[in-house]
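Note that ligands are numbered from 1 as they come in the structure, with each ligand's atoms numbered from 1 the same way.
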Amino acid sequence: TQSTRPQRLLAAVQKNATRGDPRSVVLAIDQFCRQKEWAMNVGDEKGCILDSVVSEVNPGAVLELGTYCGYSAVRIACLLPPHGKIITLEFNPDNAAIARQVIAWAGLEEKIQLVVGASGDWIPKIKEQFGVKTFDLVFLDHWKDRYLPDTKLMEECGLLREGSILLADNVICPGTPDYLEYIRNSPRYKSQYFKSHLEYTKVEDGLEKSVFLG
Ligand SMILES: C[C@H](C[C@H]1O[C@@H](n2cnc3c(N)ncnc32)[C@H](O)[C@@H]1O)NC(=O)c1cc(-c2ccc(F)cc2)cc(O)c1O
Ligand SMILES: [Mg+2]
């Protein structure tokens with residue numbers, strides 16, 4: 001039977017990356033996506049911006065919406081402080097199964113908690129289920145029309161504190177117009193746009209970094 005793109009991406013990781021070496025996993029995925037098949041990971045160019053934000057925030061608690069194959073979860077987890085953890089939500093069980101194996105190959109199972117389900121269902125349960133008070137950093141990379149409702153939901157559920165950072169992928173391509181309009185005009189956020197390109201292409205895209213002011 002025909003393999004899927006995530007399955008081929010995992011095979012490339014298992015062939016070309018060193019077990020327990022997260023940076024070799026990131027490199028193997030980027031090489032696969034540049035040389036073999038495009039895939040919707042945040043990628044190497046936007047990934048450098050992600051790295052600089054993670055390093056600056058030095059987060060103890062990270063929430064990622066939209067795991068896909070685990071590329072950005074691995075990239076973020078590499079940079080966390082010793083007791084830092086990332087909870088990553090993935091709706092599609094097939095993608096989650098691949099991501100689990102990519103995370104295992106990187107040796108980051110202790111730092112990354114992968115949860116299968118929809119963000120809208122899980123966000124209200126995170127505090128009680130995972131003993132999280134608030135998140136220092138949230139990386140939004142799921143369905144582009146869920147960024148705004150889920151941001152409002154995180155506010156309502158008390159998952160954000162003064163200084164929490166939201167970093168949103170794809171605000172230009174595919175685009176998240178309602179989220180951008182809200183976050184750039186809300187007095188409760190201070191936003192900054194980091195111009196870049198859609199992963200592995202020359203098409204414009206970028207990341208929007210927003211600080212929650214409380
Ligand atoms: C949405 C996907 C990423 C993953 O998110 C999971 N997901 C969804 N909704 C939920 C939820 N509500 N809760 C939890 N997980 C959830 C899903 O199952 C995918 O695995 N990402 C994209 O579609 C995406 C697309 C492009 C793109 C750009 C130009 C093109 F011509 C074509 C595609 C680029 C990107 O950088 C992306 O990130
Ligand atoms: Mg994305």
Colleague: Does the distance from a Lys or Arg side-chain N to an Asp or Glu carboxylate O, for D51 and R23, drop under 4.0 Å?
Modeller: yes

Colleague: Between V203 and ligand 1, find which residue part has any heavy-atom pair under 4.0 Å and reply side chain, backbone, both or neither.
Modeller: neither

Colleague: If you measure every N or O of K46 against every N or O of ligand 1, does any of those distances drop under 3.5 Å?
Modeller: no

Colleague: Looking only at N, O or S atoms in D169, which is nearest to the Mg ion (ligand 2)?
Modeller: OD2

Colleague: Taking atom types as modelled, is there a side-chain donor on D205 or S196 under 3.5 Å from an acceptor on the other?
Modeller: no

Colleague: Nearest to atom 17 (C) of ligand 1 by heavy atom, E64, H142, E90, M40: which?
Modeller: E90

Colleague: With heavy-atom distances below 4.0 Å as the criterion, list the atoms of ligand 1 near Y68.
Modeller: 20 (O)

Colleague: Just checking Q35: does its CD atom have more than 12 heavy atoms from other residues, nucleotides or ligands closer to it than 6.0 angstrom?
Modeller: yes

Colleague: Going by atom types only, do S191 and R184 share a side-chain donor-acceptor pair under 3.5 Å?
Modeller: no

Colleague: Hey, is W38 touching ligand 1 through its side chain, its backbone, both or neither, going by heavy atoms under 4.0 Å?
Modeller: side chain

Colleague: Does K190, at its NZ atom, have more than 12 non-hydrogen atoms belonging to other residues, nucleotides or ligands within less than 6.0 Å?
Modeller: no

Colleague: Under the 4.0 Å line, does any protein heavy atom show up next to atom 31 (F) of ligand 1?
Modeller: no

Colleague: Has ligand 1 got any nitrogen or oxygen that is less than 3.5 angstrom from a nitrogen or oxygen of T67?
Modeller: no

Colleague: Purely on distance, is any nitrogen or oxygen of D141 under 3.5 Å from one on ligand 1?
Modeller: yes

Colleague: Is the shortest distance from a Lys or Arg side-chain nitrogen in R188 or E155 to a carboxylate oxygen in the other one below 4.0 Å?
Modeller: yes

Colleague: Closest non-hydrogen protein atom to atom 5 (O) of ligand 1, residue and atom name please, with distance?
Modeller: G66 CA, 3.5 Å

Colleague: Tell me which part of N170 gets within contact of ligand 1: side chain, backbone, both or neither, using heavy atoms under 4.0 Å.
Modeller: side chain

Colleague: Regarding Y200 and D44, is there a side-chain donor-to-acceptor distance under 3.5 Å anywhere?
Modeller: no

Colleague: What is the name of the N/O/S atom of D141 that is nearest to the Mg ion (ligand 2)?
Modeller: OD1

Colleague: What protein heavy atom sits nearest atom 34 (C) of ligand 1, and how far away is it?
Modeller: E199 OE2, 3.2 Å

Colleague: Nearest non-hydrogen atom to atom 12 (N) of ligand 1 belongs to which of P6, S119, C173?
Modeller: S119

Colleague: Establish, from distance only, whether the side-chain atoms of S72 and E64 form a donor-acceptor pair under 3.5 Å.
Modeller: yes

